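Each chain gets a letter, A, B and so on, in the order the sequences are listed, and its residues count up from 1. Quick caveat, the model's predicted, so the values are computed rather than measured.
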Amino acid sequence: MIAETKYGTISANFRKYYAVVRINTQNSLAYTWDAVSQGILIAIFILIFARLWKVTFAAQGAEIIGDLTLRQTIWYFVWAEAIQLSKMNASFKMQEEVQDGSLAYTLGRPYNYLLYHFFSGVGEVFVRMASTLAFGMVIAWIEAGTPSFIRWETLPLLLMVTVLALVVDFCMSAMIGLTAFFFEDTMAFRLIYQKLLLVLGGVLLPLDFLPDSVQTVARLLPFNAVIYAPARLFVAWDTSQFLEILAVQGFWIAALGFLLALFFRFGTQRVSINGG
Amino acid sequence: MPIITLQELKKVFRLKQKAPGLRGSFRALLRPEYQTVEAVKGISLEMEQGELLAFIGPNGAGKSTTIKMLTGILYPSSGEASVLGYIPWQQRRELSYHIGSIFGQKPQLWYHLPPIDTFELFAHLYELEPSAFRQRRDFLVEAFSLEELLHVPVRKLSLGQRMRCEVAASLLHRPRILFLDEPTIGLDVVAKQKLREAIKLLHEQEKLTIFLTSHDVGDVEALCRRVIVINHGQVIFDDTTSALKRRFLHKKIISVRFGQPVPEDFSVKNATLLKRGEWGVKIELDTRVRPVDNLIQAIMNYAPVMDINVEDPPMEDVIREIYAVEETIHLKEPVR
Amino acid sequence: MQRLNKELRFIGHLIKLGLAGLMEYRASFLMQAVGMFINNGVYLVFWMLFFDRFKDVKGYQLEQIFLLFGFVALGFGIAYTFAGNAGRLAEFIAQGRLDYYLTLPRPVLPHVLFSRMGSFSVGDLTFGLMMYFFVGKFDLLSPILYLVCAVLAAVIFVSFSVITGCLAFYFGNASFVHMQLQNTMITFSLYPIGLFQGTIRLILFTLIPAAFVGAVPVEIVQTRSPELLLGMIGVAIFSVLLMTFVFQVGLRRYESGSALHVNL
């Protein structure tokens, strides 16, 4: 295998990042407890949201609110919370690496710093996603019954949208981490981003339930491409919407990715000037 | 009338066993398997008022477990103990007014605050009269030379300075017994020496009873008249320090670096040459055969010396030797 | 009585020391407090948006939700600002860090609990106080009732934390379970109790007493029912007694971290 490797070829690059994914997957398997803890967390959330929306639907006397049935709403949270609880925490790691100077050190290694971080995060995400989905689905099944509306054959496409959602999140999260080049602590930015995801991204409730004005704003921002879009597709597949989401995600990845690259270049220049 | 007595004191820990990997974790969760470890296997001893006793043994011998039972931190699995007439684990609070304790690896000073703040907290803890506290504090500050350290946040002190403050703090309430668990661990030679001197001073001035654990033979030689050696939770030696020295601590390791190359035919009389390098040698010496000063004199006369170092054999060697003696005279009792 | 007085004075001294320690790190302390503020605030935004569209949830409207958040935040804030070590008890037990407290002539549990101030919970404390200005009534009795209920909630928070932390006496490293249970209690406490029926409701009133740190105080303030207040006081006293008992029993099994160091 080693003899075949040509530096810089696509397949060699692929193998390199695949190895990064695998070792991180194994690494997080060691943290059984972490996976279980995320599972319990999602179980509690699904339980509470299921109760909240059951009561709300009943009080309204409505079958459908904002195009979603009660069952769809409850299952929506399974996918939404699974992404929210599994997505990588790139910003914190990057902040630390910028601050303790280890970024300067990793820059010398033969890989792209940002790609390395993304793929090392993906490994962890796989494990957490599996466990959160399992726990979440069990509770949703008990609370809401069989999700007959889910089109399981679209799962590969859904996973694709979910991976793209992770990329969008990564771009924003990495940018927050890299603000450490300019600010002493990035916690404030991180907190604000997390909270925007909760409300405008669709973690706490599907955007369909928001008041119209807020909804319009939320749909224009990148946050809904991280949580709401994939979760909504999960419970209400729609091919034209799928294509639309792909386009939107593509746009945000291009725009945020470009900004991130600029940011990174600018920041690392500062590092080399200041000597790390 | 002994102030500390232990009778067949035992402590057993249960350790959970876990096979490696994910499956092992789940199995351990469902059907845990335990292994019992006897940390202390029935220790009996007595101690008189004003004694300065060293309780030594290698890591994991049961020293700390014993001291923790005597201070009331741990409940024993079986056996009896009495400290100043109290049963430590039942009358922990009454006892605590009369004893002081230092655990070398567990600091009691508040990390972000200067020592004086902890001292004042301790005054509240032990309900000391303000004037009595001040008098005592000033005395200890002098004895442990803490004037300069008193108002510096603890995190900025060196380990040796911190340790002196720790000892002073635990003497504020005029305890009758001081338990010292590995007080010199991690300290450099000078810091060790300073601490030992201060402890000795207190012992002599106040007839303070001191129970000291260590795995450093140097602490024992410098401080204590009586020494108990334990290993694997059992007492294997209980006698005076001089007896220990005479019988087991007669080996010294001497390392020398000369100012000129060592000739190939270098040899020493009445001692063993362990190693010969280009510029230096390592010699093992039995002090019963030849006194240390005699050998050092000979070395100094032999060639210019750049550096010389005299070491005690490590604790493990001493214990091996105690066992060896035990076997040759077929003693089941501790060596006396 | 004189004994109790002495102990209280001592706890007062501990708190003073804790404040001094906190002030050594003013900047990060402020940062954390602000962070917690944002954290709590966003849930209120969620509920405002929710009630913009829906009328009520089992008798809860925005006012009750604000009250609920106020109680949980203030109760939690009081609990962990003063008894800053409550959340770390399992860790203390597993790592043998009770040794220090065990050799000193003071009741171990209060001494441990009050030996540190939680900087992050100061944010919750102020948040909880501020909530009162949004929904509180400004007569003589109401603020007092609000504070009394919050203090009782704090007592229950601390007791629950201690009792679950004592699991470490039996299972060694229980800090994970300890944290998980505390999070569970807080999460449940922040939603209208009417959502939960049957077994879950029973659990929230017993094993995981989330109802007593949020829903019950809201009820007390709204109905001004003396019976309910007495009941709440009873629960607080009971939980303190239970906590003391569990801790004392557990202490017999304390291993002082020694088992970890036994060489095999």
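Proximity to chain B is limited to the backbone of C:Leu251, based on heavy atoms less than 4.5 angstrom apart. Only the side chain of B:Phe122 comes within contact range of chain C, with heavy atoms under 4.5 Å apart. When heavy atoms are compared at a cutoff of 4.5 Å, B:Trp89 does not approach chain C at all.
Ion pairing between a basic and an acidic side chain is recognised when a charged N comes within 4.0 Å of a carboxylate O; C:Arg9 and B:Glu127 show no such pairing.
Counting heavy atoms of neighbouring residues, nucleotides and ligands inside a 6.0 Å radius, atom NZ of B:Lys10 does not exceed 12 of them. Annotation for B:Glu80: atom CD does not count as buried by contact number, only 12 or fewer foreign heavy atoms lying within 6.0 Å.
Taking NE2 of C:His111 as the reference point, atom CG of B:Leu125 lies at 5.0 Å (rounded to 0.5 Å). Separating the OH atom in B:Tyr126 from the CZ atom in C:Arg106 is a distance of 10.0 Å, to the nearest 0.5 Å. Distance CG/C:Leu102 to OG1/B:Thr71: 8.0 Å, rounded to 0.5 Å. With rounding to the nearest 0.5 angstrom, the NE2 atom of B:His124 is 9.0 Å from the CZ atom of C:Phe10. Between B:Leu74 atom CG and C:Arg252 atom CZ the span is 13.0 Å, to the nearest 0.5 Å. Annotation: the span from B:Ser170 atom OG to C:Tyr100 atom OH amounts to 11.0 Å, rounded to 0.5 Å.
Pairing each heavy atom of B:Arg93 with each of C:Pro107, the nearest pair is NH1-CD, 3.4 Å. A pairwise comparison of heavy atoms in B:Ile73 and C:Ser256 identifies CG2-CB, 4.0 Å as the closest pair. The nearest pair of heavy atoms linking C:Tyr254 to B:Lys11 is O-NZ, 4.5 Å.
The residue from C:Leu104, C:Val108, C:Thr103 that alone fulfils the side chain to side chain contact (heavy atoms under 4.5 Å, CB included) condition with B:Arg92 is C:Val108.
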